[in-house]
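First the structure, in the form of structure tokens, and then the observations on it.
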2 protein chains.
Amino acid sequence: MAEQHELRDRGLRLTPQRELVLAAVRELGHATPEEVAEKVRQSHPGINLSTVYRNLETLENVGLVLHTHLGHGGATYHAAEELTHLHLVCGVCGSVGDAPIEAAASFVTSLADDFGFRTDVSHFAIYGTCADCFDPNL
Amino acid sequence: MAEQHELRDRGLRLTPQRELVLAAVRELGHATPEEVAEKVRQSHPGINLSTVYRNLETLENVGLVLHTHLGHGGATYHAAEELTHLHLVCGVCGSVGDAPIEAAASFVTSLADDFGFRTDVSHFAIYGTCADCFDPNL
DNA sequence: AATAAAGATGCGAATCCCTCGCAAGTAGTG
DNA sequence: CACTACTTGCGAGGGATTCGCATCTTTATT
């Protein structure tokens, strides 16, 4: 249960940077590498952006972290265990809303049944306009 | 019906570059700015990449073209009228498969009803693993 | 047709985001 | 405590996109 184990059990070395990157992703919910770096710098000012990128990649390789492309360009990282919702990305305000994964269940099933396509919910980003930005007058 | 009108009617000037960019997007189905530029160069070798970017943006502003983020990083552009399908992006081979938009109809409806979220099908990219890359042994 | 004003284009520089290479530092092992 | 492999920091490198600006075109007007 100690954090050390989850890293070492997966064959990773325990470095302060690595642990901080993972902790940051978990705290932030979803964040860009830049945001993760900023978070980590609160307790470890010297961390290098390259290190953040490399650790995110490493953590993703062992399944502790996942990334999604939410549109703008950069990737967004999530802790693997927090992926219990869909991401509703608003193209107007850029906000990322959540919706329960079950909302997509039948959709996912029909894609699998009809097209043999296995939808990866972790990479599932939905674009549109959120309720706040949707103006009936337009 | 003439192409001139669809551009001028939307307040845009008619330039050879603009028309060629639009034509290229229509011919290509979906393409990156780079690919559009390459296509345009077949008949207008001197076109500048900046011009392609600017025109894609302009055409998008007036609704003739749309873009999606298919994951890798760069945006992919589509002619607005050709958006009659969903994009199933395979994370393994990178292929972009199609599925009829109706497959998502009930999903879109429930997001609207339950969350007030208006899903923009044009920006709708679905990540997962295509039938060809899906190996039951994994 | 000639002309003026608004817009577009080309070009090069500048950014942004991310990746690399390398030397120095550090965790894990016996 | 020493050794080896993996990590980190740092700076350079690279690809994609954006910007600034001078020049040229399209359009609306004479």
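Residue numbering restarts at 1 for every chain, and letters A, B, ... go by the order of the sequence lines.
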So does [X] get a side-chain nitrogen or oxygen closer than 4.0 Å to the phosphate oxygens (OP1/OP2) of [N]?
| X | N | value |
| --- | --- | --- |
| B:His44 | C:dG10 | yes |
| B:Arg8 | D:dA28 | yes |
| A:Ser50 | C:dC18 | no |
| A:Thr51 | D:dG9 | yes |
| B:Asn48 | C:dA8 | no |
| B:Arg54 | C:dC11 | no |
| B:Gln17 | D:dT25 | no |

For B:Leu56 and D:dA16, what is the distance between atoms CG and C1' respectively, to the nearest whole Å?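 Between C1' of D:dA16 and CG of B:Leu56: 14 Å.
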Stepwise, does the side chain to side chain contact (heavy atoms under 4.5 Å, CB included) test hold for A:Val96 with A:His30? CA-CA 9 Å; A:Val96 181; A:His30 43 72; 3.6 Å; yes
Taking B:Arg10 for the side chain and B:Glu6 for the main chain, is one N or O donor matched with an acceptor at less than 3.5 Å?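 Pair found, side chain donor or acceptor close to backbone of B:Glu6.
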Under 3.5 Å, is there a donor-acceptor pair between the side chain of A:Gln17 and the main chain of A:Val52?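 A pair under 3.5 Å: no.
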Looking across every strand, which nucleic acid part, if any, lies under 4.0 Å from B:Arg18 by heavy atom: base, sugar-phosphate, or nothing?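 Sugar-phosphate: the residue B:Arg18, judged by heavy atoms under 4.0 Å, touches backbone atoms but no base.
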Counting the atoms with a prime plus P, OP1 and OP2 as sugar-phosphate, which does A:Leu49 contact under 4.0 Å by heavy atoms, base, sugar-phosphate, or nothing?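 It contacts nothing in the nucleic acid.
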